[in-house]
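Throughout, a chain's letter reflects where its sequence line sits, starting with A, and its residues are numbered from 1. Every value quoted in this text rests on a predicted model; they were computed, and no experiment measured them.
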2 protein chains.
Amino acid sequence: MDKPKPEHLKNAGLKSTVPRLNILSLFESRQECHMSAEDVYKQLLANGDDVGLATVYRVLTQFEQAGLLVRHNFEGGKSVFELNQGKHHDHIVCLQCGHVEEFYDAAIESRQKKVAAERGFAVHDHSLYIYADCLKKNCPHKR
Amino acid sequence: MDKPKPEHLKNAGLKSTVPRLNILSLFESRQECHMSAEDVYKQLLANGDDVGLATVYRVLTQFEQAGLLVRHNFEGGKSVFELNQGKHHDHIVCLQCGHVEEFYDAAIESRQKKVAAERGFAVHDHSLYIYADCLKKNCPHKR
DNA sequence: TTGCAAATGAGAAACATTATCATTTGTATG
DNA sequence: CATACAAATGATAATGTTTCTCATTTGCAA
Ligand SMILES: [Mn+2]
Ligand SMILES: [Mn+2]
Ligand SMILES: [Zn+2]
Ligand SMILES: [Zn+2]
């Protein structure tokens, strides 16, 4: 729960404001956490931070464009965001409990580049989501 | 443009109706075509078929559940559907023109299974979308 | 302090999708 | 073929998510 410094935002070309600091702080206090705009909004209100939903949407998009956050389009229609941890990774989403687990597989990554190159495409990015069920006896992430 | 037989729907557990036959016919007349509900609705109207948007949404979901169509969640917030061709494949989406190209890579598929199994997940399905630009001199799919 | 562009927040609007319900249609039966 | 009735349809309302508008507030530099 270390508060982000205003310089973090300045470096990203965004001026330091209360809502932006609160939102960034929320993501930094929960590593590997994937949250929708609604999730972020409710969490901020629960923290006693007074913020508007429109601001949450605006700031999430700005943070995405600034490279501070990464946006995901899982099944379900709503965007979810996570802190940009620098290292690209893909996701396994548990269909029982909604838990999201991260992974990186070098072989998959390189095959993707190869496939795109062979077909004459310059890759911007990609999304790989595996939808699955935990096999653990009692799913530890019930929602 | 071969009209689908009512048996196709009966076999899928759906009774044969005019809107269902028209929608299935549209997908069968355009192999490898990825369409949103709005796309389908407009195309039917253009064909002179009188149909309601609500019916299009309902039928697309029913066809997905019956295994006749496959749903995709590309970037952009709306679902797109394609005919279930029996063979699973993944997609490269051109960011310039929206053209969708299909591919299958056995190495990627097997690595995915391995990754999920190692982490204790039973895979339901997955989605892999590569977002890229055509490198061809003049993108042949301008929208 | 003051000034002002940039950011915010409340609410309206836009967009995609689903729900409601009166009417129509497919099909099984006589 | 006529009838009956559950299932399907379509107009419209409602919902859920995201963006837009604009009056007010705020961060920051002079
Ligand atoms: Mn992640
Ligand atoms: Mn396809
Ligand atoms: Zn789980
Ligand atoms: Zn293209």
Peer 1: Hey, are A:E32 and A:H89 close enough side-chain-wise for a donor-acceptor pair under 3.5 Å?
Peer 2: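 The answer is no; no qualifying pair exists.
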
Peer 1: Pick the nucleotide of DNA chain C nearest each of A:V59 and B:G77; which residue has the one closer to the 5' end?
Peer 2: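 The residue whose closest nucleotide sits nearer the 5' end is A:V59.
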
Peer 1: Measure up the A:H91 and A:Y129 rings against each other and bin them: parallel (under 30°), tilted (30 to 60°), perpendicular (over 60°).
Peer 2: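 Rings of A:H91 and A:Y129: tilted, 30 to 60°.
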
Peer 1: With a 4.0 Å cut-off on heavy atoms, is A:T17 in touch with a base, just the backbone sugar-phosphate, or nothing at all?
Peer 2: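 If one applies the 4.0 Å heavy-atom cut-off, A:T17 turns out to touch the sugar-phosphate alone, with no base involved.
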
Peer 1: Ignoring hydrogens and angles, does a donor from either the side chain of A:R20 or the base of D:dG27 sit under 3.5 Å from an acceptor on the other?
Peer 2: no

Peer 1: Among D:dC20, C:dT17, C:dT8, which nucleotide sits nearest the side chain of A:A54?
Peer 2: D:dC20

Peer 1: Would you check, one step at a time, whether the test side-chain hydrogen bond (donor to acceptor under 3.5 Å, both in side chains) holds for A:D39 with A:S36?
Peer 2: CA-CA 5 Å; A:D39 293 335; A:S36 68; 3.0 Å; yes

Peer 1: Measure from the side chain of A:L53, starting at C-beta and using heavy atoms only, and say which of D:dT18, C:dA19, C:dT8 lies closest.
Peer 2: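 For A:L53, the side-chain atoms sit closest to D:dT18.
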
Peer 1: Under 4.0 Å, counting only non-hydrogen atoms across every strand here, what does B:S16 touch: a base, just sugar-phosphate, or nothing?
Peer 2: sugar-phosphate

Peer 1: Using the ring of each side chain (for Trp, its six-membered ring), is A:H72 parallel, tilted or perpendicular to A:H34, with breaks at 30° and 60°?
Peer 2: tilted

Peer 1: Side chain of A:S79: nearest nucleotide among D:dG10, D:dT18, C:dG9?
Peer 2: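 My answer, after comparing the listed nucleotides, is D:dT18.
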
Peer 1: Rounded off to whole Å, could you give me the CG-to-C1' distance for the A:N22 and C:dG9 pair?
Peer 2: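 So the CG-C1' distance, A:N22 to C:dG9, works out to 15 Å.
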
Peer 1: Separation of B:K78 atom NZ from C:dC15 atom P, in whole Å?
Peer 2: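 Rounding to the nearest Å, NZ of B:K78 and P of C:dC15 are 10 Å apart.
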
Peer 1: From C-beta outward on B:Y57, which listed nucleotide comes closest to its side chain: D:dA8, C:dG9, C:dA16?
Peer 2: C:dA16

Peer 1: When you get a sec, tell me which of D:dC28, D:dG10, D:dA7 is the closest nucleotide to the side chain of A:K10?
Peer 2: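 Minimum distance to the A:K10 side chain belongs to D:dC28.
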
Peer 1: Go through D:dT19, D:dG27, C:dG9 for me and flag the one nearest to the A:T55 side chain.
Peer 2: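 The listed nucleotide nearest to A:T55's side chain is C:dG9.
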
